[in-house]
Amino acid sequence: MQTATGRRALITATGSYAPARELPNSYFNELLGEDVDTWLRQNVNIRSRRWCADDESVADLCEHAARQALARAGVRPDELDLLIVATDTPEYVSPSTAAVLQHRLGATRAGTFDLNAACAGFVTALDVAAKYIVSDTRYNRVLVIGGYAMSKYLDLTDKKTVTLFADGAGAVLLTSAEHTDRGFLTSRLHTEGQYTGWMGIYAGATQQPLTADVLARNDHKLKFVHRFPKEINPDIWTRLAKEMATDIGVGPCQVDHYVITQLNIHAIHETLDRLGVPRERAPLIMEQYGYTGSAAIPMALEKAVSSGDIKENDLVFLIGSGGGLAFAGAAFRM
C-alpha cells in the first residue's frame, strides 16, 4: 500500500504467554462424565489448553506477552506512543485494560484504548495500529496485544463451551519505517451482524445488568445459543484472502503463511484447499493451547516467528473471526 506519508508499519517483534495451569482433554472426560476427548481431537484438533489461576487475570497475561515483545525489540516501555488491547474478556467493564497495562509497564508516553471485535479483535487492532503509523508521524511505536481469559466466563456444566475455550495473550510491536516494501500492505473488515444473538456473554452490561436471577441462571457466562452455518468461516475467510491478494497484485499461492483463527482445523484446511494453497502454510497452536480467541492469532504468529518458520520478507495473511460475527484480515510483508 503506497501511503501519502511514505511511511510503513513494520512488525518488529512478537511475544506470547499462556498460563501455567494445563488441562488435558481427560480432565473434561471426568468433569462431564463422558468421552469428549475423541471429538475434540478429531474435530477441532484440541488435546490440551491453559486456564488462568484463580488469582490471575487478562492483564497479567497481556503484561507477560507485552514484556516479551518489547524485550525482543530492545524497546523501552516509555518509548511507546500507543498501546491497544484487543479483548472481549477485559480486566474491568471500565476502565480499559490498556490503561491498566500502560501503568504496569511504565509506558508513560503512550495513549491507550481497548478494542472489542470479539475473536477478530487482534487483527482489527493491528489494522488500526498500522493506520495510525501510516497516517500520523507522531506514532512510531505501537504495541498491540490480544488478550483472552475466557475461562473466567465458562459454565463448567456446558460441554458446548467448557471444552473449547482457553486463556492466553499475544503481542506485536509495530514500528514506522520508510523506503521499504515490507510492512502493512492491505486489510479488510467485515461483519455479519445478524448473528449477534447466536453466541456471546449477554449479561453484565447495560442491556442485562447483573442481578441475583441472572447469576442463578448463569446468564453471565458464555453461551452458544445457535449453531453457526458450517460454511460461514471458510466462505468469508476465502473471500477476504482473495480480496487482499488482489489488492497487492499476487495470487493466493504467493502468500507464504496464513495465520487464521484457531478454532476448527477443518475450517482452516477447507479455506486453504479452496485457495489452492498447501495446508502446511497455516501455523497451528490449538492442539496444545485450545481456543484462545483474540489471542490465538498473535500466539500462532509468535510461535511461527520464534521457530523460524516465518522469516523476513515472507508474505503473511492474518485472518480472524469471532462473535458478532466479526471478520478481519490484514496482510504484512515481514
Side-chain angles (χ1 to χ4, degrees), residues 1-16 65-86 98 101-102 105 107-113 115 122-146 170-189 244-250 254-259 283 297-320 328-334:
M1 185 177 85
Q2 296 301 317
T3 67
T5 61
R7 290 156 56 89
R8 296 236 186 206
L10 300 184
I11 293 178
T12 303
T14 60
S16 71
R67 291 191 185 279
Q68 184 179 68
L70 291 172
R72 287 173 170 173
V75 170
R76 300 191 315 272
D78 63 4
E79 294 178 300
L80 292 174
D81 301 304
L82 180 64
L83 193 162
I84 307 172
V85 173
L101 262 291
Q102 189 255 15
L105 294 172
T108 52
R109 294 181 53 253
T112 64
F113 59 87
L115 189 153
F122 175 78
V123 181
T124 305
L126 202 60
D127 180 25
V128 172
K131 287 169 179 171
Y132 263 95
I133 288 174
V134 165
S135 63
D136 191 331
T137 57
R138 291 173 296 181
Y139 295 91
N140 295 292
R141 297 181 182 89
V142 181
L143 187 64
V144 183
I145 308 167
V172 165
L173 179 67
L174 292 182
T175 58
S176 63
E178 298 181 11
H179 312 298
T180 179
D181 292 328
R182 296 169 54 216
F184 173 72
L185 302 174
T186 191
S187 61
R188 283 289 189 282
L189 300 179
M244 291 194 298
T246 297
D247 284 349
I248 61 177
V250 302
Q254 293 173 274
V255 179
D256 298 298
H257 308 275
Y258 289 83
V259 189
I297 287 176
M299 289 176 70
L301 178 67
E302 188 279 327
K303 179 182 178 183
V305 169
S306 62
S307 69
D309 290 337
I310 292 181
K311 301 176 290 296
E312 187 173 311
N313 289 315
D314 279 357
L315 179 58
V316 178
F317 279 11
L318 305 120
I319 302 174
F332 279 80
R333 178 76 66 181
M334 299 296 289

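Note that the numbering runs from 1 along the sequence shown for the chain.
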A side-chain contact here means heavy atoms from C-beta on lying under 4.5 Å apart; do Arg333 and Leu185 qualify? yes
Using 0.5 Å steps for rounding, measure from the CG atom of Asn313 to the OG1 atom of Thr180. 8.0 Å
Run the numbers on Gln102 and Leu80 for side-chain contact (heavy atoms from CB on, under 4.5 Å), then give the verdict. CA-CA 10 Å; Gln102 189 255 15; Leu80 292 174; over 6 Å; no
With Ile133 as partner, the option from Leu10, Val142, Thr175 fulfilling side-chain contact (heavy atoms from CB on, under 4.5 Å) is Val142
The side-chain contact (heavy atoms from CB on, under 4.5 Å) partner of Ile310 among Leu315, Leu301, Asp256, Thr14 is Leu301
Rounded to the nearest 0.5 Å, the CG atom of Leu101 sits from the CD1 atom of Ile145 at a distance of 4.5 Å
Test item: side-chain donor near acceptor, Asp314 and His257, under 3.5 Å: yes
For the side chain of Asp81 and the backbone of Asn140, is there at least one donor-acceptor N/O pair under 3.5 Å apart? yes
Tell me, do Phe122 and Val172 make a side-chain contact under 4.5 Å, heavy atoms counted? yes
Evaluate the side-chain contact (heavy atoms from CB on, under 4.5 Å) criterion for residues Val255 and Met244: first the C-alpha distance (whole Å), next the side-chain angles of each, then the deciding distance (0.1 Å), finally the verdict. CA-CA 10 Å; Val255 179; Met244 291 194 298; over 6 Å; no
Are any of the side-chain heavy atoms of Leu105 and Leu83 separated by less than 4.5 Å? yes
Contact check, side chains of Thr124 and Leu189, non-hydrogen atoms, under 4.5 Å: yes
For the student: nearest non-hydrogen atoms of Ala73 and Ala13, plus distance: CB-CB, 3.7 Å
Looking at every non-hydrogen atom in both residues, tell me the closest pair between Ser187 and Asp247 and how far apart they are. O-OD2, 4.5 Å
In Å, rounded to the nearest 0.5 Å, how long is the span from CG of Leu143 to CZ of Arg67? 11.0 Å
Over all atoms of both residues, closest heavy-atom pair of Arg182 and Arg8: O-CD, 3.0 Å
To the nearest 0.5 Å, how far apart are CZ in Arg7 and CG in Asp136? 7.5 Å
Non-hydrogen atoms of Asp78 and Arg109 that approach each other most closely: O-CD, 3.2 Å
For a quick test of reading the model, state the closest non-hydrogen atom pair linking Gly15 to Gln68 and the distance between them. CA-OE1, 3.1 Å
Nearest heavy-atom contact between Glu302 and Ser16 is OE1-OG, 2.9 Å
With rounding to the nearest 0.5 Å, note down the distance linking CG in Leu70 to OG1 in Thr12. 11.0 Å
As a quick check of understanding, evaluate side-chain contact (heavy atoms from CB on, under 4.5 Å) for Leu174 and Phe332, giving each step before the final call. CA-CA 11 Å; Leu174 292 182; Phe332 279 80; 4.0 Å; yes
Is the Phe113 ring parallel, tilted or perpendicular to the Tyr132 ring (thresholds 30°, 60°)? tilted
Pairwise distance CG(Asp127) to OG1(Thr186) - rounded to 0.5 angstrom: 8.5 Å
